[in-house]
Amino acid sequence: MLTESTRLRRKLSFTPGVAANLIGLADLAVSDGDRESARELLDEAAGLAAGSGAHGVRRWIEEAREELGLA
């Protein structure tokens, strides 16, 4: 469902929402043992958040990096 939500947010150009969803997808990737994909998702999320001025989401991304051991 999170992947579908992300797809719909992309379609609607809701960039901060896409960035926020990517954090959740990164968490799932780590749970599946795919740390590289998680890192890539957080990098994409950071770029989207920065480009859209979503400062709160940027903080969440940094917190997620710390919590997931990807800092």
Side-chain angles (χ1 to χ4, degrees):
M1 295 299 235
L2 190 54
T3 301
E4 178 65 9
S5 174
T6 304
R7 186 190 69 76
L8 291 172
R9 288 174 181 211
R10 285 187 197 276
K11 184 176 179 179
L12 296 171
S13 299
F14 180 39
T15 307
V18 173
N21 275 14
L22 291 176
I23 298 167
L25 290 172
D27 185 55
L28 292 172
V30 167
S31 294
D32 288 342
D34 191 353
R35 299 178 64 74
E36 185 57 34
S37 289
R39 189 172 281 108
E40 291 170 3
L41 288 164
L42 291 175
D43 289 347
E44 180 184 357
L48 292 171
S52 65
H55 303 292
V57 176
R58 289 178 73 183
R59 281 191 300 276
W60 297 343
I61 294 163
E62 293 311 311
E63 290 171 3
R65 286 188 199 278
E66 291 291 328
E67 290 175 16
L68 298 173
L70 300 171

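- Of all non-hydrogen atoms in A71 and E66, the two that sit nearest each other are CB-OE2, 3.3 Å.
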**OP:** Start with the C-alpha gap between E4 and R7, add the side-chain angles, then the distance that decides, and say whether salt bridge (Lys or Arg N to Asp or Glu O under 4.0 Å) holds.
**Re:** CA-CA 5 Å; E4 178 65 9; R7 186 190 69 76; 2.7 Å; yes
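- Take R39 and apply the side chain to side chain donor-acceptor pair (under 3.5 Å) test, not counting sequence neighbours, and it matches no residue.
- L70 CG to E62 CD: the interatomic distance, rounded to the nearest 0.5 Å, is 11.0 Å.
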Under 3.5 Å, which donor-acceptor pairs link side chains of residues 41-53 to any protein atom two or more places apart or in another chain?
residue: D43; atom: OD1; partner: R65; partner atom: NH1; Å: 3.2
residue: D43; atom: OD1; partner: R65; partner atom: NH2; Å: 3.0
residue: E44; atom: OE2; partner: R10; partner atom: NH1; Å: 3.0
residue: E44; atom: OE2; partner: R10; partner atom: NH2; Å: 2.8
residue: S52; atom: OG; partner: L48; partner atom: O; Å: 2.9
residue: S52; atom: OG; partner: A49; partner atom: O; Å: 3.4

Can you give the donor-acceptor pairs under 3.5 Å from side chains of residues 12-27 to other protein atoms, not counting sequence neighbours?
residue: N21; atom: OD1; partner: R9; partner atom: NH1; Å: 3.3
residue: N21; atom: ND2; partner: S5; partner atom: OG; Å: 2.9
residue: N21; atom: ND2; partner: T6; partner atom: OG1; Å: 3.1

